Amino acid sequence: MSTAIIGTLYAGATLGAMLAGIPIAFALGAVALVFMLAFMPGASLDTVAQNVYEEMASITLLSIPLFILKGAAIGRSKAGQDLYSAMHAWMHKIPGGLGIANVFACALFAAMAGSSPATCSAIGSAGIPEMRRRGYSGGFAAGIIAAGGTLGILLPPSITMILYAVAAEQSLGRLFLAGIGPGLLLVLLFAAYAAWRFRREFAMARAAYVTGGPEHPILAEDRYSMAQRFSTLPRVLPFVVLLTGVMVALYGGYATPSETAGLGGLLALALIAAIYGVWRAKDVSPILIATLRESTMLMLIIGMSLLYAYVMSYLHISQAAAAAIVAMHLSPWLLLLTILLLVVGLGFFLPPVSIILMTAPIILPPLREAGFDLVWFGVVMTITMEMGLIHPPVGLNIFVIKNIAPDIPLSEIIWGTLPFVILMAVAILVLCVAPGIALWLPDLLLPSTK
């Protein structure tokens, strides 16, 4: 049987398992095992456990559950609400300041927690009710939080970046640094849109009020004294110091990524114990249980994805697919566009973790041969996968928002996120024109040894 036929069967079986509703980890593992049994030597089944273990025996992957612990500690405390309150107090005079405050709060929280769903939940639980109370439309409020939450997989520490570093064999430190510039670019784009959309909704409410309609809540003005502003800082600054300390430890060469993750997790637990009194067993156990559940789920997906990729490589499916792409003789930019469209399509069905581990063996060799910097591409691919977090049908952040704001119709949430999908596409175009936005910081602090 030819490699093309085997590859088609492999892809079809995977898609069928996904559409059947089988959890991703078990779907990938089951397909891999079936094809091992059908097309590989029988003895290969005896080495499944060994192969999975060897693939996962990476010191870089050890940082994932530790970063999850850090994110769970911060996400399950009131840190998100305090961060949001501080941002609102300092930015309320800016047109659309409440929406912009939510964008910046999402960015800072994402940088501390490293998780998109955690960011949506922590900031959205406080931000969405407040924005709606102030007259923001449901779709607008939901879109801000859903899009802001996606920054969790771009700004360091990012679990998605960790997996890409392993799959692409790139420096994790350079990848983390490369995500900062594009992350700030997205923050500015989101904030600019929030200000523009606020002015539009404010003008409509103002026009209705002038013509005799009721006064809309969006027309109300907030006032905070300087004392009130400074009173919001004591609970926020320790977490900003934590973020700064972790980054200094990592990029200053004082600790490895895994040591930095462990340090961040322990300091996060210490901070919520000191600031919020979360130190009793009944308070800490939900954090540890959430960490264990999310880590187990994620590591199981990683393990099965690596086994899936191993079988795909053994059967020469990935090599044949990569060779077919190269044989098309596409120009570098057309090749990049084709691959990004593939990632967008996969984002309709798969989470970022699976997309990276399943596609890396196929797409990275042609991109490397075309001369693209794989650190830069890691950032571009991450932004592309961010789109998948806020567009249907799998868009995880959409359903997180629906869970914390059940009164907002799902259709309204989806329409509210679409402008941010467009802004992400704009950011990718900007990075293609000016790749230095991503590469200047890693080139400055961690020059490539290639």
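Since the model is a prediction, treat every value here as computed from it, not as a measurement.
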Could you give me the CA-CA distance, side-chain angles and deciding distance for E169 and L374, then say whether side chain to side chain contact (heavy atoms under 4.5 Å, CB included) is met? CA-CA 9 Å; E169 298 180 349; L374 294 188; over 6 Å; no
Quick one, I404 with C120, criterion side chain to side chain contact (heavy atoms under 4.5 Å, CB included). Give me CA distance, side-chain angles, the key distance, then yes/no. CA-CA 9 Å; I404 62 177; C120 281; 5.5 Å; no
Give a yes or no answer on whether the side chain of [X] reaches the backbone of [Y] with a donor-acceptor pair at less than 3.5 Å.
X	Y	result
E259	T256	yes
N397	A146	yes
T244	V240	yes
Q170	A168	yes
T119	G149	no
T150	A147	yes

Atom pair [atom1] ([X]) and [atom2] ([Y]), whose distance is rounded to the nearest 0.5 Å:
X	Y	atom1	atom2	answer
M385	S354	CE	OG	10.5 Å
F239	L271	CZ	CG	5.0 Å
I355	I363	CD1	CD1	9.5 Å
I272	L267	CD1	CG	11.5 Å
L186	E386	CG	CD	5.5 Å
L69	S295	CG	OG	8.0 Å

[Y] and [X], any side-chain heavy atoms less than 4.5 Å apart:
X	Y	value
I317	I6	yes
I100	F198	no
L172	Y164	no
P182	I383	yes
I24	M304	no
T384	M424	no
V187	C106	no
I162	P257	no

Distance-only check: which donor-acceptor pairs under 3.5 Å involve side-chain atoms of residues 9-23, not counting sequence neighbours?
{"unit_1": "Y10", "atom_1": "OH", "unit_2": "Y308", "atom_2": "O", "d": "2.9"}
{"unit_1": "T14", "atom_1": "OG1", "unit_2": "Y10", "atom_2": "O", "d": "2.7"}
{"unit_1": "T14", "atom_1": "OG1", "unit_2": "Y308", "atom_2": "OH", "d": "2.6"}

Smallest separation among heavy atoms of [X] and [Y], with atom names:
X	Y	answer
V375	D373	N-OD1, 2.8 Å
P419	W415	CD-O, 3.3 Å
M40	V311	SD-CG1, 4.1 Å
L155	A107	CD1-O, 3.5 Å
L83	A105	CD2-O, 3.4 Å
G127	N102	CA-OD1, 3.3 Å

For [X], check side-chain contact (heavy atoms from CB on, under 4.5 Å) against everything at least two apart and list the hits.
X	result
L330	M328, L334, L335, T338
I180	P156, L177, L184, L441
I159	I64, I68, L298
A321	I362

Over 12 foreign heavy atoms within 6.0 Å of NZ, K78: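 It does not: K78 NZ has 12 such atoms or fewer within range.
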I need the single residue from V343, T417, I428, L340 that forms a side-chain contact (heavy atoms from CB on, under 4.5 Å) with M387. Which is it?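 Between M387 and the candidates, side-chain contact (heavy atoms from CB on, under 4.5 Å) is satisfied uniquely by I428.
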How far apart are the C-alpha atoms of I356 and M381, what are their side-chain angles, what is the distance that settles it, and do they pass the side chain to side chain contact (heavy atoms under 4.5 Å, CB included) test? CA-CA 9 Å; I356 289 174; M381 184 178 184; 4.3 Å; yes
Quick one, W279 with L269, criterion side chain to side chain contact (heavy atoms under 4.5 Å, CB included). Give me CA distance, side-chain angles, the key distance, then yes/no. CA-CA 8 Å; W279 57 270; L269 289 173; over 6 Å; no
Show me the donor-acceptor pairs within less than 3.5 Å that the side chains of residues 136-144 make with the rest of the protein, sequence neighbours left out.
{"unit_1": "Y136", "atom_1": "OH", "unit_2": "G99", "atom_2": "N", "d": "3.3"}
{"unit_1": "S137", "atom_1": "OG", "unit_2": "F140", "atom_2": "N", "d": "3.4"}
{"unit_1": "S137", "atom_1": "OG", "unit_2": "R197", "atom_2": "NH2", "d": "3.4"}
{"unit_1": "S137", "atom_1": "OG", "unit_2": "E201", "atom_2": "OE2", "d": "2.8"}

Fit a plane to each ring of W376 and F372, take the angle between them on a 0 to 90° scale, and name the class: parallel (under 30°), tilted (30 to 60°) or perpendicular (over 60°).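 Taking F372 first and then W376, their aromatic rings lie parallel (interplane angle under 30°).
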